[in-house]
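Chain letters run A, B, ... following the sequence lines, proteins first, then strands; residues in each count from 1.
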Amino acid sequence: MSPDRLIYMANQIGKFFQSQGHDKAVPGIAEHIRKFWDPRMRKAIFTHLDAGGAGLDPNVRDAIATLRNT
Amino acid sequence: MSLIQETDFGTPRSKSAGLVTLTIDGRSVTVPEGTSIMRAAMEAGTQIPKLCATDMVDAFGSCRLCLIEIEGRAGTPASCTSPAMNGLVVHTQTERLKKLRKGVMELYISDHPLDCLTCAANGDCELQDMAGAVGLRDVRYGYEGDNHVFARTNGDINAAWMPKDESNPYFTYDPSKCIVCSRCVRACEQVQGTFALTISGRGFDSRVSPGMSESFLGSECVSCGACVQACPTATLTEKSVIEIGQPEHSMVTTCAYCGVGCAFKAEMRGEEVVRMVPYKDGKANRGHSCVKGRFAWGYTTHKERILKPMMRDDISEPWREVSWDQAFNFAAAKFRGIQQKYGRDAVGGITSSRCTNEETYLVQKLIRAGFGNNNVDTCARVCHSPTGYGLSTTFGTSAGTQDFDSVEHSDVVMVIGANPASAHPVFASRLKKRLRQGARLIVLDPRRTEMVEAPHLKAQHLPLLPGTNVAVLTAMAHVIVTEGLVDEAFVRERCDWSEFEDWAAFVALPNNSPEATAISTGVDPTELRVAARLFATGGNGAIYYGLGVTEHSQGSTTVIAIANLAMATGNIGRPGVGVNPLRGQNNVQGSCDMGSFPHELPGYRHISGDAVRDQFEAVWNVKLNPEPGLRIPNMFDAAIEGSFMGLYVQGEDILQSDPNTKHVVAALSAMECVIVHDLFLNETANYAHVFLPGSTFLEKDGTFTNAERRIQRVRKVMTPRNGMADWEVTIGLARAMGFEMHYDHPSQIMDEIAALTPTFAGVSYAKLDELGSVQWPCNEKAPEGTPVMHIGGFVRGKGKFVVTEYIPTDERTGPRYPLLLTTGRILSQYNVGAQTRRTDNVVWHDEDRLEIHPHDAEQRGVRDGDWVRLASRAGETTLRAQITDRVAPGVVYTTFHHPDTQANVITTEYSDWATNCPEYKVTAVQISPSNGPSDWQKTYEEQARHSRRIAAASEAAE
Ligand code: SF4
Ligand code: SF4
Ligand code: SF4
Ligand code: FES
């Protein structure tokens, strides 16, 4: 799926959790994506992360990285 | 089967707890204090003759037919206005009373036409009944004198006579039959709250008059029908009764329009509906209705309904009518082919919020168990998905906390982003009734809606800019926290205290104050402070909200902010308070409950949970996929990318209702097989390959769940004209795909739902027949259901406060698109209008208009009624302007009931961060004068016309 749209969606999730601080935000974002994104969407964002993850906000990048390694 | 007769007790039920005992006709009767003697007698089984009293409205005491004698008192008081009191000894039938009543009746009849045999109310006329009841045998006065009956008296024009008013499409007003009992006037005031009727003149000259002697259609009347029900004579009569005659049997069923879920008696002759009459025992509507449920059912037999299955290989071809089996096999082969070619996850389906719980359950079962993936979603995605997310995060359940009766105990009501007067009319009437008793109303809406100003109603209006809900609600929380108005005892006992502290610290930050946020929200800080204080300290505070909350990029955040506010002020867990989403469609709540979301099984349990999946696998006898599926917007994206190629859509018009039409068109065109299962060739069907004809709510058995979590029966009153109820169609499609589902009746589907869903464990058709309706959770702990939730504690344990930071939407105004467009609905039309546009309701709304402030209009040289071009980043369309100061400068507003308006060509693909619910309520636009339809509208119209062609059936030659 088009990474632009997925990056936008992931960052949008990240913004909600931002005010909770990095330590709460990262697992919060990861759980949200795990719960609501279908596998092909997760796969596409992982591929994007592997390709450098341009455009992903820091918390979001960390969250996707955690998710990838679980 | 027979006609259901509801008892008319004459006056409303008293809610007093104290009891009084009196003697009526030698029998002892005990009733609540404040009950009228008339009602007390009726409860004891004695019907005192009456004309001007009826139990939907307060007594007026004008007809003098209900006289009684009370021992030890002089005179003959009216029983409808005399309260029952301890120790009274009442006689309802004495020589004196008999004579007086005959005299009263004689006067009425002497000024009433005697055409009973050909009168539409023959057999259903209280005047007739009362003449019989009092034993009237002759009338001594003739019509020679003054009368209201004849157009001419002794050859002269009779000034007292008035012609019939047939302007309303659904009922007539025949003044010559009016007995001026004022029941209609009181119904319009007390039940509906519109105050459209008055009695003009005095004595012999008094007449019922809509507005200032206007026609019904030209007046303020909203055609709810309350006056028609209240009328004891043929003066106000349904046109359908005039045309067909009196019904002979009836069945109780549920309105298929909005989430209020009004119960109706479908009154029938054979298989023909004569009229729909709101049912007094309906716990959502208590005997009231709106124009849609009451009158707008003509679409069910509309000539454009498609009754035969159809298919085609390509959307450029005309449709071919085929047998059910041909259609099922064709569809099944296509879907299986797609799955072989693109993978198991390349197909999916959309359940309908208009269909029954049972039908929705079957569609998601077909997808999860038959297709083998979780690509199921529902139109709730585009309306209330943030409600599910927000309320389950904070409270632990994805639903409203109260029943509608709760509003009778509210002191302060806050309505946010909803216009119940238009979209949830019967709830609006119940709310207005409470407001007339003194409760206060706060309205948060960009537009001055009908809720802000109405007869006998003045709300405090906070006209915020579209897209700033979170900022406004957080500012209210700021006031409540910083001014020490938090209900600390409640929060300490029921909520997580440390989460509360984090939240309180956040909202107290100076940048969240009303003064600091005013610049972005446009709300006067003083007004906001007043509203916040009122909500926190004004007694029972209840919040009702609609799509103006959810359909934003911060929709879920706003729902959370609402929940925070309710918890901080202790307004949860008892009657009169709570958080109440007003659901759009009749069964949005049900379709969510039934597992229509791609990530959760029925009862809101995540698909990744092994224990839950095990349960379903055991009963369905298949292995389930543990991964969440695609949501509607994701399906569209995946279709364009080429990984999602087949879609089964039951009862939704996604092309018209989803945002960014061009994107949807691209997605649908990319798919190899689209199956549309609907009543009409809707817009989506223009891109479909298989059309499965649907059935209406009158043609099937099932249940709907309304906005109060109330599960109510839908009952079949006629044979499906298309030959099959929708649940049978889904079973047929499943069978063709090699997945067998065996049910003989929807009650068996409900039994399966109850067995697999803890909150439904106690639900069965037998219980619904017995109790009328139940509100889930209905199980061992609450065998009769749960009217109010979270009593004594939250479902999730401790209530959870969550920080709600305001993040402005990326949809911003700028030099090219300087105005903000927001969208909404009106009373007479429903959603995309597929049903209501096919009824006489079009007399109230035959096109969508763009509301624009005089200032903005003048700047652009736009006059009232002019065609204007409405353009956004996503596309452009044209429609006619309506100049009004209901909207603020900088804001424009339209409805989207008509497909040719194409309002969703304008809306963008921005969506809620948590649920992808589209941001319908905010689009940056520009407006300019125009000559007529845009190129897009013309091309679209041409494609639609081409795509709707149906080939002459080959067997038509027989
Ligand atoms: S139909 Fe409803 S709004 Fe119209 S006059 Fe009757 S009660 Fe009033
Ligand atoms: S129209 Fe019907 S309800 Fe109204 S005053 Fe006349 S008779 Fe009574
Ligand atoms: S549309 Fe809604 S308010 Fe109107 S009758 Fe139907 S359920 Fe009731
Ligand atoms: S019914 Fe009591 S006065 Fe008319």
Exercise. Would a distance-only check, ignoring hydrogens and angles, find a side-chain to backbone donor-acceptor pair under 3.5 Å from A/Q12 to B/S911?
Worked result: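 Checked: pair present.
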
Problem set entry | Heavy-atom closest contact (A/P39 atom, B/P628 atom, distance) |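 Residues A/P39 and B/P628, closest heavy atoms: CD-O, 3.4 Å.
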
For this session: Find out whether B/P633 and A/M9 are in side-chain contact, i.e. whether some heavy atom of one side chain is under 4.5 Å from a heavy atom of the other.
Result: no

Exercise. Considering only heavy atoms from C-beta outward, does the side chain of B/R631 approach that of A/M41 to under 4.5 Å?
Worked result: yes

Exercise. Just wondering, do B/V803 and A/K24 contact through their side chains at under 4.5 Å, heavy atoms?
Worked result: no

Exercise. Are side-chain heavy atoms of A/F16 and B/I560 found at a separation under 4.5 Å?
Worked result: yes

Exercise. Side chain to side chain contact (heavy atoms under 4.5 Å, CB included) between A/Y8 and B/D810: does it pass, once the steps are laid out?
Worked result: CA-CA 11 Å; A/Y8 183 85; B/D810 288 325; 2.6 Å; yes

For this session: Check each atom of B/Y389 against the heavy atoms of chain A and say whether the ones under 4.5 Å are side chain, backbone, both or neither.
Result: side chain

For this session: Output the distance between atom CZ (A/R5) and atom CD (B/E641), rounded to the nearest 0.5 Å.
Result: 12.5 Å

Exercise. Residues in side-chain contact (heavy atoms from CB on, under 4.5 Å) with B/S392, at least two apart?
Worked result: B/S398

Exercise. Taking NZ, NE, NH1 and NH2 as the nitrogens, is one of them in A/K35 or B/E600 under 4.0 Å from a carboxylate oxygen of the other?
Worked result: no

Exercise. Of all heavy-atom pairs between B/D345 and A/R40, which one has the smallest distance, and what is that distance?
Worked result: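 Answer, listing the atom of B/D345 first, then A/R40: O-NH2, 2.7 Å.
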
For this session: Look up atom CH2 in A/W37 and atom CG in B/N916, then write down how far apart they are to the nearest 0.5 Å.
Result: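 The CH2 atom of A/W37 sits 8.5 Å away from the CG atom of B/N916.
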
For this session: Kindly compute the distance separating NE2 (B/H606) from CZ (A/F36), expressed to the nearest 0.5 Å.
Result: 6.0 Å

Exercise. Are the side chains of B/E627 and A/D38 in touch, meaning some heavy atoms are under 4.5 Å apart?
Worked result: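 The answer is no, as the side chains (C-beta and beyond) never meet within the 4.5 Å cut-off.
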
Exercise. Between B/N375 and chain A, which part of the residue has a heavy atom less than 4.5 Å away: side chain, backbone, both or neither?
Worked result: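 The side chain, not the backbone.
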
For this session: Below 4.5 Å from any heavy atom of chain B, which atoms of A/R42 appear? Answer side chain, backbone, both or neither.
Result: side chain

